[in-house]
2 protein chains.
Amino acid sequence: MIRSAAVLFRERGVYGTSLSDVVAHSEAPRGSIYHWFPGGKAQLAEEATRYAGEFIAAGIAAALEQDDPVAAVRAFAALWREILRDSDFSAGCPIVSATLEGDRTPAARDAAGAAFARWQELLADAFRSRGVTPARAESLSTLVVAAVEGAIVLSRAQRSSAPLERVAGELESIVADAAFHAPARTSAAESIIR
Amino acid sequence: MIRSAAVLFRERGVYGTSLSDVVAHSEAPRGSIYHWFPGGKAQLAEEATRYAGEFIAAGIAAALEQDDPVAAVRAFAALWREILRDSDFSAGCPIVSATLEGDRTPAARDAAGAAFARWQELLADAFRSRGVTPARAESLSTLVVAAVEGAIVLSRAQRSSAPLERVAGELESIVADAAFHAPARTSAAESIIR
DNA sequence: GTCTATACGAAGATAGAC
DNA sequence: GTCTATCTTCGTATAGAC
């Protein structure tokens, strides 16, 4: 049910998703919403946001296990590219939805803030362990998260994965430079520079 | 009325804003909504999105007149920093709202896509005229737009302008490097590198 | 052009039976 | 725990008077 909510929030946002939608999508018993979520929709939104945030954080952590920050950035972008393609550019990031509609559900917005912070810290850790200074690791990891999230929005608006591809290419080369690491350079931005 | 809609969309999104809200905020005659907007809310959303997109594009164009891309990026970020601060982090970018809720209002989503494309092209033009190759100007300008928009979301979620500040600093130094231009370097990222 | 009144539907939440 | 039925509120949109 929480998973269904997260999936639906990706496409339609929090307001755009009714509790009936969630019940229908999850095939859960209709009468049990308020049994499991006494706080109603606000509680469901908060838990779905937290769930989605942790899910993606786990993906980032897994991608970082190869100890290659550039590959992790590439994997992060690739994850979203797939989601965009599979949904015909109608699905985005549920955490962004929770943020934008967060004035009415502060708990969900706070969960969104925590999720972004977690992703960014995971990346910052990886950068630091590659010799990047702490302050720079902080700003660079924030750039990566912000740019990818923004690129998803641009791609949805233009119904094209081109913005995400371009941003991913730029990020890969920026991270490669910062982390004093030169992996196989296949990104568009890199080939242009040469 | 269009202006009011854009202002409200920034804070509450398209779904979160009712036509009554728009009437109340704009102090326009209640009975005339469907006279001026026969297409109803969808039409209002589309025109508000277009209006906001052009408004911001004009700001970018003005900032670019000094022929200093770095300063333009700084001005772009500063614009949003003010909006965030003045609204206590409850206002964001109306174009993003139109994008996320665009499945129900395709016209507004298309206007959002056009707005992003316009901003990006303005920046790309400036980069090209500073000697950046066309392809790289394209990806770099996309990065700037995406990163700033994403940073606005992060700042709203965390109710802090720190993410926007960090991203702006990174972008300024990236753009400075790419445009073969070394203005007074005051950004955090640059001072860390030294 | 602008008004009031209202139709119509949707959504969140609750009540009480089983 | 889960069901059905219902209450209430709210939002879009329309109708028809002025």
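Nothing here was measured: the structure is a model prediction, and the numbers come from that model.
Put simply, CZ on B:Phe37 is 12 Å from P on C:dT2, counting in whole angstrom units. Between B:Ile33 atom CD1 and C:dT4 atom P there is a gap of 12 Å when expressed in whole angstrom units. Following rounding to the nearest Å, A:Lys41 (NZ) and D:dT9 (P) show an atom-to-atom distance of 19 Å. The distance between atom CD of B:Gln43 and atom P of D:dT12, rounded to the nearest whole Å, is 15 Å. Rounded to a whole Å, the CG atom of A:Asp21 is 11 Å from the P atom of C:dA10. To the nearest angstrom, P of C:dA13 lies 7 Å from CG of A:Leu19.
You'll find that the side chain of A:Arg30 is closest to D:dT4, out of D:dG11, C:dG12, D:dT4. Picking from D:dT2, D:dT12, C:dG1 the nucleotide with the shortest atom distance to the side chain of B:Trp36 gives C:dG1. The side chain of A:Tyr34 approaches C:dT14 more closely than any other nucleotide in the set C:dC3, D:dT2, C:dT14.
Cation-pi contact between B:Arg104 and B:Tyr15: present, with separation from the ring centre below 6.0 Å and deviation from the ring axis of at most 45°. Figure legend: B:Arg109 and A:Phe89 shown without cation-pi pairing, the cationic atom not lying both under 6.0 angstrom from the six-membered ring centre and within 45 degrees of its axis.
Summary of the strand contacts: B:Ala28 and B:Arg104 both lie near DNA chain C, and taking for each the nucleotide with the nearest heavy atom, the more 5' one is attributed to B:Ala28.
A:Arg166 and B:Ser139 share no side-chain donor-acceptor pair at under 3.5 Å.
Between B:His35 and C:dG1 there is a side-chain polar atom (N or O) within less than 4.0 angstrom of OP1 or OP2.
Between the side chain of A:Arg130 and the backbone N or O of A:Asp67 there is at least one donor-acceptor pair closer than 3.5 Å.
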